[in-house]
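Throughout, numbering of the chain's residues begins at 1 and tracks the sequence.
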Amino acid sequence: MSGSGGDRRPLVVLFCLALVAVAVFVTGAVGVAGGHEGGGTPWMPKVPLGGALGADDLQVESGSCAVEGTTITFTGGCALKVVPVVGGWPWSDVTRRARLVVDTGSVNVAATVMGKRIDADLGSGEDVRLVFTRDGGDLVLGCLAIGGCKVVLAEDTVP
């Protein structure tokens, strides 16, 4: 005999899956609030929400500059493009970050991210944090010293 309610097994399975999804979301949110960057918990591995900005993310647009490894050497001006992230999951490489440290000379740094421009004048040993979204942006370096300048892309350890 068939009742008016029909078979409820699909609804029960759907309800159980919804509970599991909520539990995973809550443990991830608790992991972020508890200081586990990327939503991890002690028993759930963390998922990185960004990556390091490296030389392979930079494309020379103009100027006399050379990008080798983590070092950018230039005289005068150097215009670089941070290439957009292509492919991958929507949440992978949400940001790419680095500390730009002046090794030699005095440098003017201008970056454009999401239509906003920032400027900084840095001397030898000083640094600035660079954070680019997956859409990329522009990075312009101006050498204010005679004989050339050198900057290094260092790891940004601040979450």
Same cluster or not: are Val140 and Leu58 linked, directly or through other Ile, Leu, Val, Met, Phe, Trp or Tyr residues, by side-chain heavy atoms under 4.5 angstrom apart?
no

Contact summary for Val107 and Leu144, nearest pair of heavy atoms:
C-CD1, 4.3 Å

Smallest heavy-atom separation, Gly148 atom then Cys143 atom, equals C-SG, 3.4 Å

Kindly work out whether a path of hydrophobic side-chain contacts (I/L/V/M/F/W/Y, heavy atoms less than 4.5 Å apart) joins Val83 to Leu80.
no

Could you please spell out the steps behind the side-chain contact (heavy atoms from CB on, under 4.5 Å) verdict for Val102 and Val152?
CA-CA 6 Å; Val102 177; Val152 176; over 6 Å; no

Please check if the number of heavy atoms outside Leu17 that lie under 6.0 Å from its CG is greater than 12.
yes

Taking the side chain as every heavy atom from C-beta outward, state whether Leu153 and Leu100 have any atom pair closer than 4.5 Å.
yes

Among Val82, Thr95, Thr112, whose side-chain contact (heavy atoms from CB on, under 4.5 Å) with Phe132 holds?
Val82

Worked check of side-chain contact (heavy atoms from CB on, under 4.5 Å) between Lys150 and Ile72:
CA-CA 6 Å; Lys150 184 175 11 173; Ile72 304 169; over 6 Å; no

Which pairs, with at least one residue in residues 69-80 and sequence neighbours excluded, count as a side-chain hydrogen bond (donor to acceptor under 3.5 Å, both in side chains)?
Ser64-Thr75

Scan residues 57-72 for pairs that pass salt bridge (Lys or Arg N to Asp or Glu O under 4.0 Å), counting only residues two or more places apart or in two chains.
Asp57-Arg96

Taking all non-hydrogen atoms of both residues into account, name the closest pair between Cys149 and Gly105 and its distance.
SG-CA, 4.0 Å

Report, one line per pair, each donor and acceptor closer than 3.5 Å where one atom sits in a side chain of residues 114-128; sequence neighbours left out.
residue : atom : partner : partner atom : Å
Arg117  : NE   : Asp119  : OD2          : 3.4
Arg117  : NH2  : Asp119  : OD1          : 3.4
Asp121  : OD1  : Asn108  : ND2          : 2.6
Ser124  : OG   : Asp103  : O            : 3.3
Glu126  : OE1  : Gly123  : N            : 2.5
Asp127  : OD2  : Arg99   : NH1          : 2.5

Show your reasoning for whether side-chain contact (heavy atoms from CB on, under 4.5 Å) applies to Leu139 and Val109.
CA-CA 7 Å; Leu139 177 62; Val109 179; 3.9 Å; yes

Decide yes or no for Val131 and Val113: does some side-chain heavy atom of the first lie under 4.5 Å from some side-chain heavy atom of the second?
no

Which distance, rounded to the nearest 0.5 Å, do you find between the CG of Leu14 and the CZ of Arg8?
14.0 Å

Scanning both residues in full, the closest heavy-atom pair of Phe74 with Cys65 reads CB-CB, 3.5 Å

Do you know the tightest heavy-atom contact between Gly69 and Ala55?
O-CB, 2.9 Å

How many angstroms lie between atom CG of Asp156 and atom CG of Leu53, to the nearest 0.5 angstrom?
10.0 Å

